[in-house]
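Reading through the structure tokens given below for one structure.
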Amino acid sequence: MERHIFKLRAYILFLVRAVCFFGLIWVFDVNARPVRTATADPDSAQLFAYAKEKNAGREGLLYAWSLDGKQWNSIGTALAFVKSDYGRWGEEKRMINPVIIPKKEGGWAAIWQLSPSSEGPYAYTHTSDFYTWGRQEYFVKLNNMDHSIVSEVKNSLSAQHQVMLNGETVKGTKLKVSWTVIKELIKHYDLAVLKQKQWYERSVDDDARFPGLQPLNVRLTPRTALSKPISDMLVGVFFEDINYAADGGLYAELIQNRDFEYKLSDKQGHDKNWNQKTAWSVDGAEQFHIDSIRPIHSNNKYYASLSGSGIFRNIGYDGIALHKQERYDLSFFGRVPAGKKARLNIRISTKEGKVLDETSLTVADKDWKKYQFVLTPSSACKDAVLEFAFTDVQQLDLDLISLFPQNTFKGRKNGMRKDLAEAIAALNPRFVRFPGGCLAHGDGIENIYHWSRTVGPLESRVPQRNMWGYHQTVGLGYYEYFQFCEDIGAYAVPVVAAGVPCQNSGSHGHPLGGQQCGIPMEDMDDYVQEVLNLIEWANGDKNSTWGKVRAAAGHPEPFHLKYIGVGNEDLISDVFEERFTMIYNAIREKYPEIQVIGTAGPFFQGTDYVEGWKIADKLRIPIMDEHYYQTPGWFIHNQDFYDKYDRSKSQVYLGEYAAHIDGRASTLEVALAEAAYLTALERNGDIVKMASYAPLLAKDGYTQWRPDLIYFTNTDVRLTPSYYVQQLFGNNSGTEYIPVEASYSNAASDVRKRVAFSIVKDLQDQSFIIKLVNILPVAVNMQLELDQLNVKGDTALVSQLTGKLESKTAKPEEKIVTVDKLKNQQLPPYSLTIIRIQPGAK
Ligand code: AHR
């Protein structure tokens, strides 16, 4: 049930995200608009602003106009002009009784109820053109707003008008505006609808879109004189503990709920079976209960307490996957507080009871003691259990029961699951962003991720609710993240909350939910210090206060942190700006060498994007994090997105992106749209410094968000076509971009757009890398004019990813070809081809 709720929430989020653009948001039916037949334009007209009562206005603000106040014409109901951003997706984001009133200083204010009660809370925003909107603010009561408008709002609310639109009576505000306003709104709306249509284009419909299309001839001529340096860290990964990516995933621990800290609140009460005993059971014992008297550590309050005789069992994450003859570290804390010794037989067994390895020991201490030994299963098993058999025990307390493979990635203790880590490493990412995503800023201020609570001995870390609806042990904590980055040669890019929680937080007892519940100002100094401590922990001398903590964990040398993200696609409000600025200034002052990454909201446009960038300009933030999950059509039609960016401003980190289709499948179709976009990112590699697909990992059966780059079970890892695209770009990035002149046998821009390319040079090994994407249903005969490149090598490695558009298993194939054969390439329909010419390669 819980999973379904999350799936539903993610799906709703997808629908909303997939359709947002120009401040207009796609809703449902498209009404035919009557044509105005008057010969001369009138001076003014009436504008009617309303939100549909059905679904509590979640579809947002709509407009109609009239010349006589009787006959009303809808500007269109397929798109909304602004939407409420308050609270959780699905349950909230309501816009009830919106009113629009003129502001004394010019422009217009929009105010609406966030709940059916007129008592409040209320939202406020403003506009000067009725389609671009300022920051949204939320107020517990109407009277808390700027008092100069309160009485007008009250009047407007009590004098709501009703008009008849398309046979339906709707309630809203009437305003007199100039006719130019109406004309602009219609123009804006029409343009948005047109673009929307393009963005919903699917390659699977290409036969109808391009009837009779002939194979295309394209000639590419590199212009080496125009080469420019580009980022050497363009392709990285974004790791978030979503979809069981950490516990039960990359973190190699095999025991689920090893610390008995699971709580019903992890699931927000939706799954009554989720509790401190989850994954544990006992056969035969007189008692198995959870206790909290004198725990191992105050951060780890609960433990299991057993008495009598029986078998205490953990099933891992739907079974424990074991490899034959590999070594597994079994450890736990135990005590017998009443003094009577407890003899234990500890074993790993199949579900049917076949013992794969076992040991026996006696717990004799009254105080907590750590027990450790190694188990080596005699055969492989994909769904084993861990058992503690005990007889006639008076009281046996157990906690932090761990079964950890020794065969982790790079053999790290408390490390990563090898196959998953290897799959990530094989992407050759230049950086890893972690720990989220929404996880970083959390669901409400109490759920903000605090890095310092995730380092140190496991028993002293602070486990907490994972906002994606499960539990995080934080066994995979900051030390492990940094070590993993070092192991794979990637920059660590930690993201800390900007003093505010996720914009989609629930209220958690706060009167205004997440948005206006930034960390209280009186606590902000401590929070800022916590962020500064992170930098000292990562980079400080081993004798510094926080450097000591790092050194004690086994890393006396600094981690050489260079980048830190502050905020994650936040609602850009005054509350945000105040807190972000405090953190930003403190870092700049104490650690000017650290590059701060700011945030520009969850979309590629709209209020948060605009306001986020205003802050970037004001504070001169070095890098801005942008996010957008869009349709493949959006990626195809927006390859020029960064061509227009002002090079004198902040650089960009495209921190989260992916192409989404209905059903959210990971197919070749979406992967090729991403590949085309990646060539555009390379072209803009002078301003786009970094990019990471999102999310990275998803466990089958435990997925809250699709699509993902890598799917896995306890035993298998499944790589998607999007994974291979990332890998091909990760392994073939360059440091210099060589502009290309292209000529085509077909002049149609819709056709040309579907052939994407880039040429880069890797100055390290002097390779030239040519990337060619064909998203057409016909072959492309590609003529490459290589003379200008002055190629040194004789041969090239050609990697090609192609197949059926709906394929979820397409994989690249490789071949070596001689350089003279490269001049004329035939690119198959729907393919990505990467040619790497390395000097000296024979
Ligand atoms: O990648 C999944 C989620 O998408 C991230 O947590 C969040 O930042 C974005 O909304």
Side-chain angles (χ1 to χ4, degrees), residues 6-20 83 85 87-90 92-93 236-246 249-250 424 432-444 447-449 465-470 472 493-498 500-506 514-515 565-572 576 597-606 608-609 612 624-630 653-660 664 666 670 674 690-699 702-711 720 722-723 726:
F6 270 91
K7 271 190 202 160
L8 183 68
R9 193 177 296 162
Y11 183 64
I12 292 166
L13 186 56
F14 162 67
L15 279 180
V16 174
R17 279 179 177 289
V19 297
C20 285
K83 290 186 85 172
D85 199 8
R88 289 190 190 283
W89 294 107
E92 296 180 297
K93 312 276 188 215
V237 294
F238 160 51
F239 178 90
E240 174 167 25
D241 186 4
I242 183 173
N243 308 324
Y244 278 61
L250 184 60
I424 299 170
V432 181
R433 171 177 177 240
F434 58 85
C438 293
L439 188 93
H441 54 180
D443 178 15
N447 192 238
I448 285 177
Y449 193 99
R465 177 170 83 88
N466 179 314
M467 67 164 290
W468 293 103
Y470 52 105
Q472 37 185 340
V493 183
V495 181
V496 296
V500 291
C502 179
Q503 73 275 33
N504 306 313
S505 294
Q515 281 91 343
V566 178
N568 171 65
E569 61 172 54
D570 295 283
L571 176 97
I572 309 294
F576 166 87
I597 304 174
T599 178
F603 303 117
F604 63 94
Q605 60 185 13
D608 296 330
Y609 174 84
M624 286 298 286
D625 179 17
E626 296 186 347
H627 295 178
Y628 38 85
Y629 297 91
Q630 292 296 326
Y653 167 29
L654 176 52
E656 293 183 27
Y657 72 99
H660 286 183
R664 301 254 215 158
S666 304
V670 298
E674 289 153 8
M690 305 144 76
S692 46
Y693 178 102
L696 181 63
L697 296 178
K699 186 166 193 169
Y702 295 91
T703 297
Q704 298 90 39
W705 185 289
R706 281 196 182 79
D708 306 279
L709 213 54
I710 302 171
Y711 294 94
T720 58
S722 292
Y723 172 93
Q726 294 292 323

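Since the structure is predicted, the reported quantities are computational estimates derived from the model, not experimental observations. One-based numbering along the sequence shown. Whatever order the structure lists them in is the order used to number ligands and atoms, beginning at 1.
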Exercise. Any N/O of Cys438 closer than 3.5 Å to an N/O of ligand 1?
Worked result: yes

Exercise. Quick one: CZ on Phe603 to OH on Tyr629, what's the gap to the nearest 0.5 Å?
Worked result: 11.0 Å

For this session: Walk me through it: do Trp468 and Glu240 pass the test side chain to side chain donor-acceptor pair (under 3.5 Å)?
Result: CA-CA 10 Å; Trp468 293 103; Glu240 174 167 25; 3.0 Å; yes

Exercise. Quick one: does Tyr629 get an N or O within less than 3.5 Å of an N or O on ligand 1?
Worked result: yes

Exercise. Should you measure from each heavy atom of Glu569, which atoms of ligand 1 turn up under 4.0 Å away?
Worked result: 7 (C), 8 (O), 9 (C), 10 (O)

Problem set entry | Asn568, portion touching ligand 1 at heavy-atom distance under 4.0 Å | side chain

Exercise. Going by the order shown, which atoms of ligand 1 are within less than 4.0 Å of some heavy atom of Gly437?
Worked result: 5 (C), 6 (O), 8 (O)

For this session: Before signing off on this row, confirm whether Trp468 and ligand 1 have an N or O atom pair separated by under 3.5 Å.
Result: no

Exercise. Pro695 near ligand 1, heavy-atom distance under 4.0 Å?
Worked result: yes

Exercise. Which of the listed options, Glu240, Glu656, Met467, holds the heavy atom that is closest to atom 6 (O) of ligand 1?
Worked result: Glu240

Exercise. Are side-chain heavy atoms of Tyr449 and Gln472 found at a separation under 4.5 Å?
Worked result: yes

Problem set entry | Asn243 side chain to Lys699 backbone, donor-acceptor under 3.5 Å | no

Problem set entry | Exercise: identify the closest heavy-atom pair between Ser666 and Pro707 | OG-CB, 3.3 Å

For this session: Check for a donor-acceptor pair, side chain of Asp85 on one end and backbone N or O of Gln503 on the other, with a separation under 3.5 Å.
Result: no

